[in-house]
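Some notes on the structure that comes next.
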Amino acid sequence: MTTLHHDAPDAPEPVDVDDPRLSRFEIVKEGLRRDEIELVTYESQFQGTNSKAEKRVVRNIALLFIIAGLAAFAFLGFYIFWPWRFELGHTMGDYFTPLLGITLGISLFAIGFAILAWAKKLLPHEVSIQARHDGASPTDEQKITGQTMVFVGDELNQGVQRRPLLKGAIGFGLAPIGLVAAAPLIGGLIENPHKADQPDLFTTGFSPVKNGGNLVRLTRDDGTPIRPEDVSTGGQMTVFPGVPHGATNEYADSPTLLIHLRADDAEETRNNAAADRRNAGSMWGNYVAYSKICTHAGCPASLYEQQTNRLLCPCHQSQFLITRNAQPIFGPATRRLPMLPLGVDEEGYFVATSDFKDTVGPDFWERP
Amino acid sequence: MKRRTGKADLQQAPVTFAKGVDERFQASTPLRALLNKVFPDHWSFLLGEIALFSFIILLLTGVFLTLFFDPSMTETAYQGAYPALRGTEMSQAYASSLHLSFEVRGGLFMRQMHHWAALLFMAAIVVHMARIFFTGAYRKPREINWVIGMALFLLGFLAGFTGYSLPDDGLSGTGLRIASAIMLSIPVVGTWVSASIFGGEFPGHLIIGRFYIAHVLLIPGGLLALISVHLGLVFKQKHTQWPGPMRTNTNVVGERMFPRYALKQGGFFMAVFGTVALLAGLFQINPIWLFGPYRAAEVSSASQPDWYVMFMDGLVRLMPNWQIYIGDYSIPPLFWPAVVGLGFFTTAPMAWPWLEARKTGDKRIHNLLERPRDNPERTGIGAMAFTFFIVATISGANDVIADKFHISLNAMTWGGRIGLIVLPALAYYLSVRICLGLQQHDREVLAHGVETGIIRRLPNGQFVEVHQPLGPVDDHGHPLPLEYGGWVVPKKMNRVGALGPAVKGFFYPVEKPSEAPVSPGMPPVSGDTREEITSGRK
Amino acid sequence: MTSDTPARRRLRVFSRRRGVPSRARRRLGAAVRMLAALALAGGVYTAFAPGAFADEPKQLSATAQEGKQLYDNSCISCHGRDGQGVEDRGPSLIGVGSASVEFQVGTGRMPMTRQEAQAEQKKPQFDKNQVKQLGQYIQELGGGPQLPAGELVENLEDNPEAIARGGELFRVNCTSCHGFGGGGGALSSGKFAPALHDATPEEMYAAMLSGPQNMPVFGDNQLTPEEKREIITYITLQLQEDKDPGGLFNLGRYGPSTEGVAIFLVGITLLVFTSLWIAGKS
């Protein structure tokens with residue numbers, strides 16, 4: 001910063017900072033000059049010292065600081081002494097968090113406004129102008145740096161060109177090192193979605209294959225099996241595969257909605273299902289079961305409207321018509337909800353006679 | 001005597017210390033340059049600071065939360081203080097979030113501060129971005145900072161999403177499920193991407209741990225790095241400023257960094273912190289204890305993401321059910337809004353500064369801002385983009401709006417679909433017309449003066465309104481036409497010094513508007529600092 | 001939009017008489033079953049019905065007599081004589097039980113002021129006693145689910161796990177429509193699940209039993225009376241009576257949508273005004 005580019009006509013002359021007669025402000029101004037700043041306005045905001053207005057401002061700022069302190073003490077007091085444990089109902093503890101927020105908020109705001117008022121009202125009003133230096137560096141600088149970079153390139157390049165062995169060796173050496181960096185990421189992170197030993201994309205917990213060939217019962221979330229009379233007419237029940245951990249997130253694709261339709265709706269549903277190659281014969285009596293997992297984004301499409309026979313997904317508002325094979329009739333879903341083939345075993349409990357015949361869950365590229 | 005020397009030494013100590021520092025680091029000159037650096041002052045320049053300060057609050061509160069949070073998906077039976085979940089099977093992550101909320105003194109308050117600060121961070125980014133766009137602050141030489149700003153939004157988006165997924169509650173689990181569906185929707189590699197990120201089939205046992213490290217290390221690291229570069233560039237390139245008296249393309253008019261500007265920043269930080277504290281105390285946010293642990297079979301009506309993700313969710317909701325079949329394969333409709341849409345809308349705007357420069361052929365350096373009205377084309381495009389964003393965001397909550405305002409849900413969806421196409425075009429047209437109208441009015445005032453409201457009757461019976469000229473007049477008393485200076489033109493008598501401003505201090509920059517001359521070329525109309533101002537002009 | 005316009009749905013909802021008899025049939029006594037057979041005989045039925053009742057004196061209790069009075073004044077125009085229903089206007093009430101009456105009339109949903117997508121809750125037209133009388137009348141007409149006697153909210157001192165079990169059942173069965181916070185939610189084409197903020201235990205129990213409007217039925221086989229009480233315990237003690245610990249305002253517990261509004265209306269607004277003051281002249 002020793003060289004100056006200040007070319008303004010009224011630029012102040014440099015001063016000798018070692019001159020003992022200089023005031024501190026004059027030294028500061030010399031600094032400003034060196035930083036190409038011109039202090040255009042610098043004046044007290046008050047007329048004279050100790051003016052009435054000044055006293056008022058000082059009083060207000062002091063008050064703000066005191067409020068900040070009081071609020072901070074209040075915060076500490078509430079934090080230490082106020083009952084804070086959660087209890088059911090309307091208790092004093094419910095006000096713990098609000099009291100902390102209000103006291104801390106007031107305290108911080110008061111500090112903030114005290115500082116701001118100080119900066120705005122007490123400090124001298126100032127307008128400074130500083131010169132910018134935009135654009136490129138001086139052309140000679142550009143040229144020198146550019147040439148230096150090219151020269152560096154040449155140095156390296158000549159070295160390689162004159163020594164072809166090096167060229168090959170560098171290529172051979174560096175490429176595998178790059179791969180080494182990528183290998184753990186690929187090797188460790190990449191999972192094959194089509195691996196056979198994990199619950200894969202195309203089956204659910206209702207698959208008898210995974211249950212040792214036995215049909216899988218439909219169960220409630222506590223694992224108890226379900227009899228037909230357990231579901232009221234016009235009612236629905238969320239059911240899970242009756243396998244170990246069937247109601248947990250291990251079987252995130254398996255939750256199913258078991259619906260007991262009214263006779264006439266069931267008739268319509270049955271007719272529509274019969275006309276469909278996959279869904280034919282999947283109902284049991286007036287009962288129908290659809291996958292609860294929306295074919296759009298995987299939310300449970302479980303808002304069952306028992307009069308209009310629609311299933312609504314609360315995430316993106318796809319609507320499926322129960323009586324028409326759960327075809328989507330509104331919203332972004334394109335694919336119907338898969339139907340679970342229902343049966344009743346000899347003990348009178350619902351079973352899935354096979355897995356879902358369509359793939360459950362959100363769509364993907366290679367879905368059959 | 002002894003005492004005295006001791007005192008003198010003590011006084012001398014800071015000087016000695018400072019000299020020691022300078023001998024080692026040569027800090028004097030750069031430090032002085034820092035102390036003296038001049039910053040322009042306008043309320044809209046503080047919007048970005050809100051984001052910066054929110055980020056600091058996020059770091060502070062976030063560190064507190066990590067002391068109690070356990071990012072594990074191991075199942076456990078809850079036995080904590082909250083009775084309505086006692087005995088329920090849940091992941092450690094959820095149990096520790098409940099513990100943090102109910103059994104750590106002040107833990108709930110910290111959690112709520114963290115969440116509110118996150119919402120404020122993203123809100124401030126968007127508002128700040130709007131200011132940058134509509135004033136043309138992104139123009140050369142600041143294009144890179146615009147790009148970094150967009151990247152910060154995207155990173156903030158990811159930080160927010162990973163963050164609210166961590167408690168593993170019913171609502172965030174639903175969001176995670178949608179995220180997995182979005183990954184699945186990617187053509188060809190979708191199932192591989194999902195399986196790799198979740199470590200197998202959704203939800204697996206890894207995702208919370210992976211999101212945790214992303215949320216507390218990788219993404220904040222990226223944010224910190226980008227924020228540093230962002231601020232460094234503002235520092236290096238110096239802040240833009242509005243046109244006005246003394247202000248040129250080659251200077252900065254304002255206050256020195258120390259003490260006034262720094263004090264103001266410190267005070268504003270306290271205000272931002274105070275706002276977050278008030279929000280966290282007064283408004284309950286994300287009551288995870290009501291949501292229960294995540295179960296694939298459970299869902300709530302009104303399931304939405306946080307507001308800054310809502311535009312994407314809105315686009316997903318509005319997307320028609322168009323599936324593309326390619327032989328045995330298909331691309332689900334979810335792919336377009338969620339993957340292509342999100343990617344496009346967060347990265348395409350990065351190219352805007354160059355696109356605009358190419359279209360206008362403007363290669364100059366701009367340090368003076370443009371008022372939105374002075375560039376109707378840009379304002380129109382900005383209004384268009386923001387209208388699109390707002391319609392998409394509102395559609396992301398269309399079920400809540402439908403329910404609370406008794407509108408049909410299906411009508412809301414269709415309204416959104418149509419609105420997404422029609423309203424941006426309308427916003428473009430309207431804002432361009434409004435800009436042109438405002439320009440016209442500015443020019444009228446410059447040519448004829450300010451309307452005084454005084455009606456005079458001429459001898460021939462004609463009524464005319466008396467105008468107060470803003471500048472010098474010719475021999476007949478007609479105002480000489482003035483040139484527009486890119487800054488506020490006084491339009492009321494009380495703006496030209498007849499009366500004080502209606503609301504003191506509000507909506508106006510530090511320079512008294514009543515003192516602002518019509519153009520940099522004209523002398524100020526009034527004001528006691530006139531002498532200083534003119535002397536500073538080059 | 002889909003083929004359903006609200007107007008058409010309205011007809012569909014209230015012309016649905018097909019479903020109700022099938023449920024009723026199981027529960028009707030022999031006399032009513034005979035009436036149902038007569039009903040199938042066709043149009044002559046209406047002529048015969050009053051006579052049938054006259055011939056076979058069905059002893060209505062005193063309460064039911066009062067209820068019949070109310071019914072004949074306020075309900076008969078849509079639901080027909082003796083609760084038989086009127087085509088395209090109101091469904092049959094045979095077999096809906098007193099639970100349904102107590103819900104529909106007790107919450108003011110019935111009588112409806114006009115035909116609309118969904119009966120709105122409003123100020124009840126009848127007092128508690130009258131609702132009981134009406135309920136008794138409908139009950140004696142055709143049987144059906146009834147509210148049990150006794151306390152519907154579990155006492156947590158005797159049964160501390162009730163609230164957690166209720167919460168679990170609530171999330172499996174109820175939140176998909178009524179929301180995690182019980183704030184209600186939108187259904188297709190203008191229908192909605194109401195908020196539970198001011199629902200009484202009786203109303204909730206009756207709603208689960210009878211499945212009003214588009215709500216599915218949760219019969220006693222599906223959710224046992226105990227489970228129903230647990231759900232009601234959770235809703236009452238946790239969602240209704242518990243003051244939210246996280247703030248003076250809970251933003252309606254609507255989730256991120258109202259939080260997003262708050263961050264702009266409160267957070268950004270407050271800070272923009274602060275920055276205006278900071279950069280302002282005053």
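When reading the values below, keep in mind they use all heavy atoms of this one structure, side chains included, and skip hydrogens, waters and symmetry mates. Throughout, protein chains are lettered first and strands after them, A, B, ... in sequence-line order, and every chain is numbered starting at 1. The shown structure was predicted, so the numbers you read here are calculated from the model rather than taken from an experiment.
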Any side-chain heavy atom of Leu104(A) within less than 4.5 Å of one from Met113(B)? yes
Please give me the minimum heavy-atom distance between Phe86(A) and Pro83(B), naming the atom from each residue. CE2-CD, 3.6 Å
Examine distances only and state if a side-chain atom of Arg177(B) and a backbone atom of Ala252(A) form a donor-acceptor pair shorter than 3.5 Å. yes
Determine whether Arg132(A) and Gln241(B) make a side-chain contact, defined as any pair of heavy atoms from C-beta on separated by less than 4.5 Å. yes
Distance from Ile129(A) atom CD1 to Met246(B) atom CE, nearest 0.5 Å? 5.0 Å
Can you tell if the side chain of Val127(A) reaches within under 4.5 Å of the side chain of Val253(B), non-hydrogen atoms only? yes
Please state whether the side chain, the backbone, both or neither of Met183(B) comes within less than 4.5 Å of a heavy atom of chain A. neither
Looking at Glu126(A) and Arg256(B), what are the two nearest heavy atoms and their distance? OE2-N, 2.9 Å
Please flag which part of Pro333(B) lies under 4.5 Å from any non-hydrogen atom of chain A: side chain, backbone, both or neither. side chain
Could you go step by step and tell me if Glu87(A) and Phe102(B) meet the side-chain contact (heavy atoms from CB on, under 4.5 Å) rule? CA-CA 9 Å; Glu87(A) 271 174 82; Phe102(B) 293 125; over 6 Å; no
d(Arg367(A) CZ, Leu184(B) CG) to nearest 0.5 Å is 12.0 Å
Heavy-atom distance under 4.5 Å between the side chains of Thr334(A) and Pro332(B), does that happen here? no
Under a 3.5 Å distance rule, please check whether Arg317(B) uses its side chain to pair with a backbone N or O of Cys315(A) as donor and acceptor. yes
Side chain to side chain donor-acceptor pair (under 3.5 Å) between Glu366(A) and Thr191(B): does it pass, once the steps are laid out? CA-CA 8 Å; Glu366(A) 63 265 42; Thr191(B) 49; 2.6 Å; yes
Over all heavy atoms of both residues, which pair between Gln323(B) and Asp363(A) is shortest? Give the atoms and the distance, please. NE2-OD2, 2.7 Å
What part of Ala271(B) is in contact with chain A, defined as an atom under 4.5 angstrom from a non-hydrogen atom: side chain, backbone, both or neither? both
Using a 4.5 Å cut-off on heavy atoms from C-beta on, say whether the side chain of Arg34(A) contacts that of Asn36(B). no
If you tally heavy-atom pairs under 4.5 Å against chain A, which of Ala280(B), Ser301(B), Pro187(B), Gly266(B) wins? Pro187(B)
Please examine the side chains of Ile326(B) and Trp365(A), heavy atoms only from C-beta on, and report whether any two atoms are closer than 4.5 Å. yes
First locate atom CD of Glu201(B), then atom CD of Glu191(A), and finally report the distance between them rounded to the nearest 0.5 Å. 11.5 Å
Using non-hydrogen atoms and a 4.5 Å limit, figure out which bit of Gln237(B) sits close to chain A: side chain, backbone, both or neither. backbone
Highest number of heavy-atom pairs under 4.5 Å with chain A: which of Gly396(B), Ala181(B), Gly267(B)? Gly267(B)
Taking every heavy-atom pair that is under 4.5 Å apart, which of Ala119(A), Cys313(A), Pro362(A) has the most such pairs with chain B? Ala119(A)
Go through the atoms of Asn398(B) and report whether side chain, backbone, both or neither lie under 4.5 Å from a heavy atom of chain A. side chain
Run the side-chain contact (heavy atoms from CB on, under 4.5 Å) test on Thr238(A) and Glu298(B) for me, step by step, so that the C-alpha distance in whole Å, both residues' side-chain angles and the decisive distance to 0.1 Å come before the verdict. CA-CA 9 Å; Thr238(A) 302; Glu298(B) 293 169 13; over 6 Å; no
Is the shortest heavy-atom distance from the side chain of Pro314(A) to the side chain of Asp399(B) under 4.5 Å? no
Asn251(B) versus Glu38(A), side-chain donor and acceptor atoms under 3.5 Å: no
To the nearest 0.5 Å, what is the distance between CG on Leu409(B) and CG on Leu303(A)? 10.0 Å
Rounded to the nearest 0.5 Å, what's the gap from OG on Ser395(B) to NE2 on His316(A)? Could you check? 11.5 Å
Can Arg335(A) be said to sit on top of Tyr325(B)'s aromatic six-ring, NZ or CZ under 6.0 Å from centre and within 45° of the ring axis? no
Of all heavy-atom pairs between Ala296(B) and Ile293(A), which one has the smallest distance, and what is that distance? O-CD1, 4.1 Å
The reported gap from CH2 in Trp118(A) to NZ in Lys264(B) (rounded to nearest 0.5 angstrom) is 14.5 Å
Measure the shortest side-chain to side-chain distance between Leu282(B) and Ile102(A) over non-hydrogen atoms and say whether it is less than 4.5 angstrom. yes
Exceeds 12 heavy-atom contacts within 6.0 angstrom, atom CH2 of Trp322(B): no
Lys37(B), part contacting chain A, at a heavy-atom distance under 4.5 Å: both
Least distance between heavy atoms, Thr275(B) atom then Phe109(A) atom: OG1-CZ, 3.3 Å
Atom group of Phe240(A) that falls short of 4.5 Å from chain B, counting heavy atoms: side chain
